[in-house]
Amino acid sequence: MSTRKLLKVISIKLTVEGAGVQLGRGFGPGEARLLDPFLLFDDFTNTDESAYRQGFPMHPHRGIETVTYILKGEVSHKDSLGNEGSIKAGEVQWMTAGSGIMHEEMPIVHEEGIQGFQLWLNLPQKNKMMTPRYQEIKSEMIPCLTQDGCTVRVIAGEYTGAKGPVQGLVTTPTYLDIQIGERSPFSIPTEEEDSFFIYVFEGRLSLRDDRSEFWVGKNEIGVLSGGKHFTCAGGKDGARLLLIGGKKLKEEVAWRGSIVMNTEEELIQAVEELNNDTFIKKTTGRS
Ligand code: FE
């Protein structure tokens with residue numbers, strides 16, 4: 001059985017987004033082919049409130065899903081479907097923008113700062129204009145399994161029979177939060193052709209091939225090759241990582257800001273709709 005190999009290690013880069021939020025970008029615009037169907041990955045962890053409190057005021061999304069996972073602090077949100085609330089530590093907001101959503105994401109200043117990640121997942125052409133949907137995942141809804149020195153939270157996909165609460169997604173993604181103990185091994189079967197990457201946010205992770213050992217350290221992304229298995233082990237002080245995977249779409253990508261479609265014409269149309277106030281398809285929203 002083929003084991004996934006480490007193809008590339010990427011360190012997150014300081015990037016300024018929203019109204020001046022300083023975040024660490026793993027990959028994003030211009031790298032749409034790197035990890036199809038994943039478009040962008042940001043780590044917005046910060047203890048300095050001046051780096052995150054400006055937040056992300058009202059902005060549109062179309063054609064993608066955005067996944068926000070909070071580990072410390074809180075992000076308040078409001079959107080054009082009438083949803084309003086906050087994402088707290090341990091919670092996930094899985095938002096399918098589909099035909100269009102307008103929202104704001106504003107971190108709340110807390111003593112402990114903020115720790116969280118945002119992933120953008122592309123939608124297939126046939127689903128880009130689907131009705132927007134919004135899944136709010138509370139911490140207790142996420143299965144948490146401890147075995148062989150590893151603690152795994154299953155947000156999406158499956159691990160040893162436990163299924164994540166995020167369901168009914170067109171790209172059948174896997175999203176696991178894995179805490180690995182010192183030198184403990186971790187292994188999971190994966191669909192051979194799917195794209196997979198890891199993001200290490202604590203400690204160091206060891207990956208082996210036939211001959212050598214490779215390391216992925218804190219704040220680094222490891223891009224993985226195809227394969228039927230992913231296997232790794234924690235370093236001296238263990239490691240904590242996200243393991244994220246999904247089926248490749250293999251479609252054209254046309255990207256402008258927070259809107260990702262298949263063609264330039266669809267982007268022009270989206271901008272026109274934003275300008276003449278027809279971007280949000282009123283029939284799909286709550287009144
Ligand atoms: Fe957004």
Side-chain angles (χ1 to χ4, degrees), residues 12 15-32 35 37-46 51-71 73-88 91-108 114-123 127-137 155-156 166 169-171 173 175 199 242 244 246 253-261 266-267 270-271 273-274 277 279-281 284-286:
I12 58 169
T15 305
V16 179
E17 278 292 356
V21 176
Q22 293 172 34
L23 48 81
R25 173 144 300 160
F27 56 92
E31 293 161 304
L35 273 156
F38 304 104
L39 296 165
L40 172 146
F41 180 83
D42 286 340
D43 177 346
F44 51 84
T45 300
N46 221 305
Y52 68 84
R53 70 169 167 225
Q54 302 87 341
F56 304 88
M58 277 295 170
H59 58 277
H61 286 287
R62 173 178 283 179
I64 61 168
E65 299 186 286
T66 67
V67 182
T68 308
Y69 181 29
I70 302 295
L71 289 174
E74 187 176 358
V75 173
S76 74
H77 63 90
K78 212 188 271 182
D79 70 34
S80 55
L81 296 181
N83 295 296
E84 197 173 336
S86 75
I87 317 166
K88 297 185 179 68
E91 298 180 350
V92 175
Q93 181 198 74
W94 200 293
M95 188 190 78
T96 304
S99 61
I101 210 165
M102 226 15 132
H103 75 165
E104 63 170 40
E105 301 155 284
M106 305 300 283
I108 297 170
I114 190 120
Q115 183 178 25
F117 316 103
Q118 188 167 87
L119 174 75
W120 289 13
L121 179 51
N122 206 357
L123 283 170
N127 300 100
K128 281 204 176 284
M129 294 302 281
M130 69 187 280
T131 302
R133 188 176 54 188
Y134 182 94
Q135 300 188 56
E136 204 171 68
I137 310 298
I155 293 162
V166 180
L169 299 173
V170 280
T171 44
Y175 193 125
Y199 176 62
L242 304 177
I244 295 172
V253 174
W255 185 336
R256 187 172 302 162
S258 48
I259 297 168
V260 184
M261 303 302 287
E266 289 165 333
L267 289 181
V271 172
E273 290 181 14
L274 280 169
D277 210 18
F279 183 79
I280 301 300
K281 307 304 171 198
T284 64
R286 289 182 201 160

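Atoms within each ligand, like the ligands themselves, are counted from 1 in listed order.
- Residues Met102 and Ile280 come closest through the heavy atom pair N-CD1, 3.8 Å.
- For the Fe ion (ligand 1), the nearby protein N/O/S atoms, meaning those under 2.8 Å, are His59 NE2, His61 NE2, His103 NE2, Glu105 OE1.
- Between Tyr69 and Phe117, the ring planes lie tilted relative to each other; the angle falls in the 30° to 60° range.
- Counting only residues at least two apart or on different chains, no salt bridge (Lys or Arg N to Asp or Glu O under 4.0 Å) pair has a member in residues 75-87.
- By the 4.0 Å N-to-carboxylate-O rule, Arg62 lies close enough to Glu273 to be salt-bridged with it.
- Partners of Tyr175 by side chain to side chain donor-acceptor pair (under 3.5 Å), not counting sequence neighbours: none found.
- Applying the salt bridge (Lys or Arg N to Asp or Glu O under 4.0 Å) definition to pairs two or more places apart or across chains, none involves residues 95-108.
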